[in-house]
Amino acid sequence: MPWRSAACPPWGVLVSEIMLQQTPVVRVLPVWEEWLRRWPEPADLAREPAGEAVRSWGRLGYPRRALRLHAAAVAIGQDHGGQVPADYAQLLSLPGVGSYTAAAVAAFAYGRRETVVDTNIRRVHARLFSGTALPSPALTAAEMRLAAGLLPDDAGTSVRWNASVMELGALVCTARAPKCSACPVRERCAWRAAGEPPPSYTPKGQAWHGTDRQVRGAVMAVLRLADAPIPAEMFQQAPADLGFEASGIGVPLAALHRLNSAPEQLERALAGLLEDGLTELHQGGYRLPG
DNA sequence: CACACGTGGTA
DNA sequence: TTACCAAGTGT
């Protein structure tokens, strides 16, 4: 990936890590390219309205990440001299940067020796050492200790270790249908030795259909395409009544209407987006934050 | 600590 | 078609 290139600036690494939070690589790639072309440095993004970040986030999902990345760019300018910090604690203080992202940026952008633990690494460790199909629902202190103990002493080697174990989990030791025959450590895998027992629990899938989240997503799809504030009434009406059902903003508007959500649910979604700062009121309508 | 938070691909 | 899941974070 371009963000693993030695030529990639720390800012590019930070942008990639935020985009990759819960979003597959293939969908991140084109958006990341566009962001780095448009905003080569944190200051370039920081002088834009936050709504521009949200709009150019496109359909990556979890648009609050775009808002936080913009806020991080502002913080980098104000508190870090315009340079992405190399220190774990300083990275962790940035909006949208949690323990995983702070460690990943320190390691992959600056070559620091950090204990990087993501879902891939957790799954590899769970299978290899605990003999379970999946890691526990929540990251535990024991897992962090295990990962810290495994980390090579040499900084350069530790970076490769982190990247390698992550890749092993992403490409071979996958959640579903792992490619054990291609695994370099299959002979010492506790899960395989135990006969590959199924997960002891069934992950509860995230609800989507009929949820506030789905409505929020539909509203955001409208606002990303809107070039003027959208009055609340317009979210309620059938697009056919609006005269532009077949093109442009009419498409997401029609999709929103098809959800057939209760008025109070739409109201809740709009209030939530406002509360999160993903939208703002302007001239009697909703728009992305200017 | 459980829960909310987007989106689209795959089995 | 349904359900899982993808390099998590903030509350």
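This structure is a prediction, so every number in the text was calculated from the model and none was measured. So that the names make sense, note that chain A is the first sequence line, chain B the second, and so on, each numbered from 1.
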Chemist: Counting the benzene-type ring for Trp, do W11(A) and W39(A) have ring centres under 6.0 Å apart?
Modeler: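 W11(A) vs W39(A): aromatic centres not under 6.0 Å.
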Chemist: Nearest whole Å is fine: how far is dG6(B) P from L20(A) CG?
Modeler: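 Whole-Å distance recorded here is 18 Å.
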Chemist: Base of dG6(B), side chain of T23(A) - is there a donor-acceptor contact under 3.5 Å?
Modeler: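 Side chain to base: pair found, below 3.5 Å.
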Chemist: Both P137(A) and G217(A) contact DNA chain B. Which one's nearest nucleotide lies toward the 5' end?
Modeler: P137(A)
Chemist: Please give, in whole Å, the distance from dG6(B) P to L273(A) CG?
Modeler: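 Result: 7 Å.
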Chemist: Give one of base, sugar-phosphate or nothing for T211(A), where a contact means two heavy atoms less than 4.0 Å apart.
Modeler: nothing
Chemist: For V97(A) and L134(A), take the nucleotide of DNA chain C holding the closest heavy atom to each; which residue's nucleotide lies nearer the 5' end?
Modeler: L134(A)
Chemist: Is there a donor in the side chain of W191(A) and an acceptor in the side chain of T132(A), or the other way round, less than 3.5 Å apart?
Modeler: no
Chemist: Looking only at side-chain N and O atoms, does R224(A) come under 4.0 Å of OP1 or OP2 in dT7(B)?
Modeler: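 Answer yes for this pair, as a side-chain N or O of R224(A) is under 4.0 Å from OP1 or OP2.
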Chemist: Using a heavy-atom cut-off of 4.0 Å across all strands, would you classify R123(A) as base, sugar-phosphate, or nothing?
Modeler: sugar-phosphate
Chemist: Any side-chain donor-acceptor pair under 3.5 Å between Q21(A) and T101(A)?
Modeler: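 Yes.
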Chemist: Looking only at the side chains, is there a donor atom on one of E114(A) and N162(A) sitting less than 3.5 Å from an acceptor on the other?
Modeler: no
Chemist: Counting only heavy atoms not in E34(A), do more than 12 sit closer than 6.0 Å to its CD atom?
Modeler: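 Atom CD in E34(A) is packed in, count exceeds 12.
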Chemist: Between dC4(C) and dA4(B), how far apart are the P atoms? Round to whole Å, please.
Modeler: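 Approximately 16 Å lies between the P atom of dA4(B) and that of dC4(C).
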Chemist: Earliest and latest nucleotide of DNA chain C, 5' to 3', sitting under 4.0 Å from a non-hydrogen atom of chain A?
Modeler: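 Under 4.0 Å from chain A, the extent on DNA chain C is dC4(C) to dG10(C).
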Chemist: Starting at atom CG of D212(A), determine the distance to atom P of dC5(B), rounded to an integer number of angstrom.
Modeler: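 Taking CG of D212(A) and P of dC5(B), I get 6 Å after rounding.
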Chemist: Quick one: does NZ or CZ of R112(A) land under 6.0 Å from the six-membered ring centre of Y88(A), within 45 degrees of the ring axis?
Modeler: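 Not satisfied by the 6.0 Å and 45° rule.
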Chemist: Calculate, to the nearest 0.5 Å, the distance between atoms CG and CG belonging to L273(A) and L278(A) respectively.
Modeler: 6.0 Å
Chemist: In whole Å, what separates the P atom of dC3(B) from that of dA7(C)?
Modeler: 23 Å
Chemist: Please report, rounded to the nearest Å, how far the C1' atom of dA4(B) is from the CD atom of Q214(A).
Modeler: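 Rounded to whole Å, this separation is 15 Å.
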Chemist: Show me the protein contacts with nucleotides 9-11 of chain B, counting only N or O atoms at under 3.5 Å.
Modeler:
none

Chemist: Quick one: label A104(A) by what it contacts on the DNA or RNA (base, sugar-phosphate, nothing), any heavy atom closer than 4.0 Å.
Modeler: nothing
Chemist: Quickly, which of L69(A), L14(A), V105(A) forms a side chain to side chain contact (heavy atoms under 4.5 Å, CB included) with V97(A)? Name it, please.
Modeler: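 Exactly one candidate clears the test, L14(A).
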Chemist: Using the P atom as the reference point in each nucleotide, state the distance between dG6(B) and dT11(C) in Å, no decimals.
Modeler: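 The same atom, P, in both gives a distance of 14 Å.
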Chemist: Taking CG from L278(A) and C1' from dC5(B), how many angstroms apart are they, rounded to a whole number?
Modeler: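 Rounded to the whole Å, the gap is 10 Å.
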Chemist: In whole angstrom, give the distance that lies between atom CD of Q22(A) and atom C1' of dC5(B).
Modeler: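 Atom CD in Q22(A) sits about 9 Å away from atom C1' in dC5(B).
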Chemist: Over all strands shown, is S16(A) touching base, sugar-phosphate only, or nothing at heavy-atom distances under 4.0 angstrom?
Modeler: nothing
Chemist: Between W208(A) (CH2) and dC5(B) (P), how many Å, whole number?
Modeler: 10 Å
Chemist: Which parts of residues 54-73 of chain A get close to DNA chain C, meaning a heavy atom less than 4.0 angstrom away?
Modeler: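 Residues of residues 54-73 of chain A under 4.0 Å from DNA chain C: R68(A).
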Chemist: Side chains of R122(A) and S136(A): any donor to acceptor distance under 3.5 Å?
Modeler: yes
Chemist: Could you check if a side-chain atom of V116(A) sits within less than 4.5 angstrom of a side-chain atom of M166(A), using non-hydrogen atoms only?
Modeler: yes
Chemist: Output the distance between atom CG (D212(A)) and atom CD (Q265(A)), rounded to the nearest 0.5 Å.
Modeler: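 If we round to the nearest 0.5 Å, D212(A):CG and Q265(A):CD are 5.0 Å apart.
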Chemist: Does a donor on one side chain and an acceptor on the other come within less than 3.5 Å for R65(A) and T23(A)?
Modeler: yes
Chemist: Nearest whole angstrom, please: distance from the P of dA4(B) to the CZ of R268(A).
Modeler: 11 Å
Chemist: Under the criterion side-chain contact (heavy atoms from CB on, under 4.5 Å), I'd like the reasoning laid out for D44(A) against R38(A): C-alpha separation, chi angles, the key distance, then a yes or no.
Modeler: CA-CA 8 Å; D44(A) 299 318; R38(A) 185 172 175 188; over 6 Å; no
